[in-house]
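Notes for the one structure printed next.
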Amino acid sequence: MAIRAQILEQIYTIVAQIPPGRVTTYGRIAQMTEGATARLVGTAMRQLPTGHDLPWYRVIGASRRIADHGGAQRQHEQLRAEGVVFDASGRVPMHLMWPE
DNA sequence: TACATGACTCCGA
DNA sequence: ATCGGAGCCATGT
């Protein structure tokens, strides 16, 4: 069964609202939707067609580190490019989390 | 239909 | 701080 259209729409809407220079997690996004799980948010990001306009790179793991996937390096660059910093252990400081 | 996989998390050892 | 296992559920074979 495919990800329900309504949930997918909510995921996209939320990701689109993450402010530049800030990040959020798969789990947080899942909680803001009705029925999605962190895993599904990851699946949704993985399925994004090339050329879309969503700031997918602003979505990281609950550990505040970039998840392990094929575009991880690119994601890191994109974030650095807009001012997101990483500590010695590769984690994004808590104050850059969104919301709050 | 059945089993494996994955851009996840949580929790306990 | 790490690590393994379990729960998760859409997808891929």
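Using a 4.0 Å cut-off on heavy atoms, none of the residues of residues 86-100 of chain A approach DNA chain B. The stretch residues 5-20 of chain A has no heavy atom under 4.0 angstrom from DNA chain B at all.
The outermost nucleotides of DNA chain C lying under 4.0 Å from heavy atoms of chain A, listed 5' to 3', are C/dA1 to C/dT11.
Taking A/R46 as the reference, A/T43 meet the side chain to side chain contact (heavy atoms under 4.5 Å, CB included) condition, with sequence neighbours excluded. For A/D53, there are no side-chain hydrogen bond (donor to acceptor under 3.5 Å, both in side chains) partners two or more places apart in sequence or in a different chain. Legend: residues meeting salt bridge (charged side-chain N to carboxylate O under 4.0 Å, His left out) with A/E77, ordered by chain and number and at least two apart, are absent.
To the nearest 0.5 angstrom, A/L54 atom CG is 9.0 Å from A/I18 atom CD1. A distance of 10.5 Å separates CD of A/Q31 from CD1 of A/I14, quoted to the nearest 0.5 Å. Expressed to the nearest 0.5 Å, how far CD of A/Q47 lies from CG of A/L8 amounts to 7.5 Å.
For residues 81-100 of chain A, the set of pairs meeting the ring-ring contact (aromatic ring centres under 6.0 Å, His included) definition, not counting sequence neighbours, comprises A/H76-A/F86. Pairs engaging residues 82-100 of chain A under the salt bridge (Lys or Arg N to Asp or Glu O under 4.0 Å) rule: A/R58-A/E82 [sequence neighbours left out]. The stretch residues 11-35 of chain A participates, sequence neighbours left out, in no salt bridge (Lys or Arg N to Asp or Glu O under 4.0 Å) pair at all. Under the ring-ring contact (aromatic ring centres under 6.0 Å, His included) criterion, no residue pair touches residues 12-38 of chain A, with sequence neighbours excluded.
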Side-chain donor-acceptor distances from residues 66-74 of chain A under 3.5 Å, at least two apart:
residue: A/H69; atom: ND1; partner: A/G71; partner atom: N; Å: 3.0
residue: A/H69; atom: NE2; partner: A/Q75; partner atom: OE1; Å: 2.9

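When the P atom is compared between B/dA4 and C/dG5, the two are found 16 Å apart, to the nearest whole Å.
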How does protein reach along nucleotides 8-13 of chain B, written 5' to 3' as B (base within reach of a heavy atom under 4.0 Å), S (only sugar-phosphate), or - (no contact)? BSS---
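Residues A/M45 and A/I11 have side chains in contact (heavy-atom distance under 4.5 Å, counting atoms from C-beta outward). At a threshold of 4.5 Å between non-hydrogen side-chain atoms, the residues A/T24 and A/M97 do not count as touching.
Computed from coordinates, the A/M45 CE to B/dA7 P distance equals 13 Å when rounded to whole Å. In this structure, CD of A/Q47 is placed 19 Å from P of B/dT5, rounded to the nearest angstrom.
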